[in-house]
There are 2 protein chains.
Amino acid sequence: MVKYKKAERQRLLQLYIERDPFLTDEALAKSLNVSIQTIRLDRQVLKIPELRARIKAVAKEVDEIKSIMLEDIVGDILNVKLNESGTSVFTVEETHVFNNKTITRGHFLFAQANSLCVAMINVPLALTKSANIEFKKPVHLGDRVVAHAKVVQTIGKIATIKVESFVEDSLVFVGDFEMYFKNEGEVE
Amino acid sequence: MVKYKKAERQRLLQLYIERDPFLTDEALAKSLNVSIQTIRLDRQVLKIPELRARIKAVAKEVDEIKSIMLEDIVGDILNVKLNESGTSVFTVEETHVFNNKTITRGHFLFAQANSLCVAMINVPLALTKSANIEFKKPVHLGDRVVAHAKVVQTIGKIATIKVESFVEDSLVFVGDFEMYFKNEGEVE
DNA sequence: GCCTCGTTTAGTAGTTGGTACTAATTCAGT
DNA sequence: ACTGAATTAGTACCAACTACTAAACGAGGC
């Protein structure tokens, strides 16, 4: 039942809402031991939006994240000549780097290359059979990674694709991918 | 300005809300060319909650999704003997498979193996230098993938790790990873 | 003591996006 | 033309606010 001073109360308010954006003014008023009006004044000066707006913002964020996660593709694919060549651009964001570091986790570079290979094969479903990859240089937060892929050969149901990824002019990743053409309804 | 029949309208209603949960009854009423009351009756029979509840439900997913995405690790890592061996378990969910198919996108299997290799190296930051991987069999939605990793040799700043991933007793993925020990503050 | 200014609280009206309900109207099929 | 289902209209109520005015409180200065 402590009464905080204005500054401390506003600091706590901010903290509480950051920790749990689902708190109503009423709940906040009770836990900070002031009236609802005070909470509203505080929110106003701190420019914290109301509960519904906060929830909406969180939900919008989730939507974006989900749509990114549900994509088959990592990176934006450009200039695909089916069964020939293709290019993909991928910009490294916070979610792609190691915690509190700036170096990109390798599997995103692999995923970009792999996605590009899948997209270049003109069949309903192409699966990666094998890959031989090399990480040439660390890639950092904010880097724009451009992957170039070329089909080297196609024998029967297997295509061999060479991928080279660059940040600016420096080679960061190379990979040889063997892609397998899977027919619809095929038994595995 | 078409008026749909009841069944068709309710089908569309469901579809619209699934595609965009942020639609108000008013907006839905306009696009389906009926009154707000009809939309509310429809929602009631279809057991679709109101806008705020829908948004809230979406927002509540945030913690799970975010924590999954912000993790450095794909899969749960068990039994790690540093610089020796390790095991990781990864269950394939909807987000990991190709759209409307059941086959896992290869880069998640790679990511699992790669994450496990990173976790097994007892330095502040281990980077993948190269990998030689093979996808032996397609992995499906719901499959529980167990990856076993063994350090084969360590020479200087490079460790070689062999990873084998299984679904039940069948080998689905093998990979040889070269991991590079990155010292703190090292220039790249 | 009293005065004052900043802070807090109280109270009112209005908003959004609903629920829950009743009653009236429209439409479709016989 | 009638009937039952479907639709629309209308009302009261709710949560969680915004925006505003006004009153009460409280600590420091003279």
Side-chain angles (χ1 to χ4, degrees), chain A residues 1-70, chain B residues 1-67 69-70 94:
Chain A
M1 284 293 147
V2 204
K3 277 249 176 190
Y4 301 103
K5 288 182 193 160
K6 194 177 176 182
E8 174 67 359
R9 187 190 61 225
Q10 294 189 343
R11 198 186 60 78
L12 286 171
L13 182 72
Q14 192 120 40
L15 193 76
Y16 290 173
I17 291 177
E18 266 163 36
R19 277 202 322 224
D20 180 7
F22 294 85
L23 294 168
T24 62
D25 287 354
E26 202 185 350
L28 290 161
K30 274 176 190 161
S31 69
L32 291 170
N33 204 26
V34 286
S35 69
I36 286 186
Q37 282 76 2
T38 304
I39 296 296
R40 289 180 180 160
L41 284 173
D42 285 349
R43 268 201 303 102
Q44 205 161 31
V45 302
L46 296 172
K47 289 175 184 169
I48 297 170
E50 62 163 300
L51 174 67
R52 282 119 153 189
R54 294 194 307 262
I55 293 177
K56 211 168 173 173
V58 173
K60 283 255 162 84
E61 207 183 323
V62 174
D63 256 25
E64 285 166 42
I65 292 172
K66 262 195 165 176
S67 71
I68 288 167
M69 285 198 72
L70 290 170
Chain B
M1 283 293 147
V2 203
K3 277 249 175 186
Y4 301 102
K5 289 183 191 159
K6 194 176 177 183
E8 174 67 0
R9 185 190 63 225
Q10 294 189 345
R11 199 185 61 77
L12 286 171
L13 182 73
Q14 192 120 40
L15 193 77
Y16 290 174
I17 291 177
E18 267 165 35
R19 277 205 320 226
D20 179 7
F22 296 86
L23 293 167
T24 62
D25 287 355
E26 203 186 348
L28 290 161
K30 275 177 189 161
S31 69
L32 291 171
N33 204 25
V34 286
S35 69
I36 286 186
Q37 280 78 1
T38 303
I39 295 296
R40 287 180 181 160
L41 284 173
D42 285 349
R43 270 201 302 102
Q44 205 162 29
V45 302
L46 297 171
K47 290 175 183 168
I48 298 170
E50 63 162 299
L51 174 67
R52 280 112 150 192
R54 293 194 309 261
I55 293 177
K56 212 168 174 175
V58 174
K60 281 261 157 89
E61 286 176 56
V62 77
D63 294 335
E64 301 155 39
I65 292 173
K66 263 195 166 174
S67 70
M69 285 212 71
L70 291 171
E94 281 82 0

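Values below: all heavy atoms of this structure, side chains included; hydrogens, waters and symmetry mates excluded. Because the structure is a prediction, the values reported are computed rather than measured. Labels below follow one simple rule: chain letters A, B, ... track the order of the sequence lines, proteins then strands, and each chain is numbered from 1.
Taking every heavy atom of both residues into account, B:Asp25 and B:Arg43 meet most closely at OD2-NH2, 2.7 Å.
Backbone-only engagement by A:Lys3 is indicated by non-hydrogen atom pairs under 4.0 Å involving sugar-phosphate atoms exclusively. Nucleic acid contact class of B:Ile36 (heavy atoms, under 4.0 Å, all strands): none.
Side-chain contact between A:Val45 and A:Leu41 is absent, with no heavy-atom pair separated by less than 4.5 Å.
Taking B:Lys30 as the reference, B:Glu26 meet the side chain to side chain contact (heavy atoms under 4.5 Å, CB included) condition, with sequence neighbours excluded. Scored by the side chain to side chain contact (heavy atoms under 4.5 Å, CB included) test, A:Lys3 finds A:Asn33, A:Val34 as partners (sequence neighbours excluded). Listed by chain and residue number, A:Tyr4, A:Arg11, A:Leu12 satisfy the side chain to side chain contact (heavy atoms under 4.5 Å, CB included) test with A:Glu8 (two or more places apart in sequence, or in another chain).
For the pair B:Lys6 NZ and C:dG29 P, the interatomic distance rounds to 14 Å; values are reported in whole Å. A:Arg9 has its CZ atom 8 Å from the C1' atom of C:dT7, to the nearest Å.
Between the B:Arg54 side chain and the B:Leu23 main chain, a donor and an acceptor come within less than 3.5 Å of each other.
Among A:Arg9, A:Lys6, A:Gln37, the one residue that satisfies the side-chain hydrogen bond (donor to acceptor under 3.5 Å, both in side chains) test with A:Asp42 is A:Arg9.
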Please enumerate all protein N or O atoms sitting under 3.5 Å from an N or O of nucleotides 17-22 of chain C, with distances to 0.1 Å.
residue : atom : partner : partner atom : Å
C:dG17  : N3   : B:Arg52 : NH1          : 2.9
C:dG17  : N3   : B:Arg52 : NH2          : 3.1
C:dG18  : OP1  : B:Leu51 : N            : 2.9
C:dG18  : OP2  : B:Asp25 : N            : 2.9
C:dG18  : O5'  : B:Asp25 : OD2          : 3.3
C:dT19  : OP1  : B:Arg43 : NH1          : 3.1
C:dT19  : OP1  : B:Arg43 : NH2          : 3.3
C:dT19  : OP2  : B:Arg43 : NH2          : 2.8

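Taking the 5' to 3' direction, DNA chain D first and last meets chain A under 4.0 angstrom from a heavy atom at D:dA15 to D:dA19.
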Name every donor-acceptor pair, under 3.5 Å, that has one atom in a side chain of residues 13-22 of chain A and the other anywhere in the protein, sequence neighbours excluded.
residue : atom : partner : partner atom : Å
A:Asp20 : OD1  : A:Phe22 : N            : 3.0

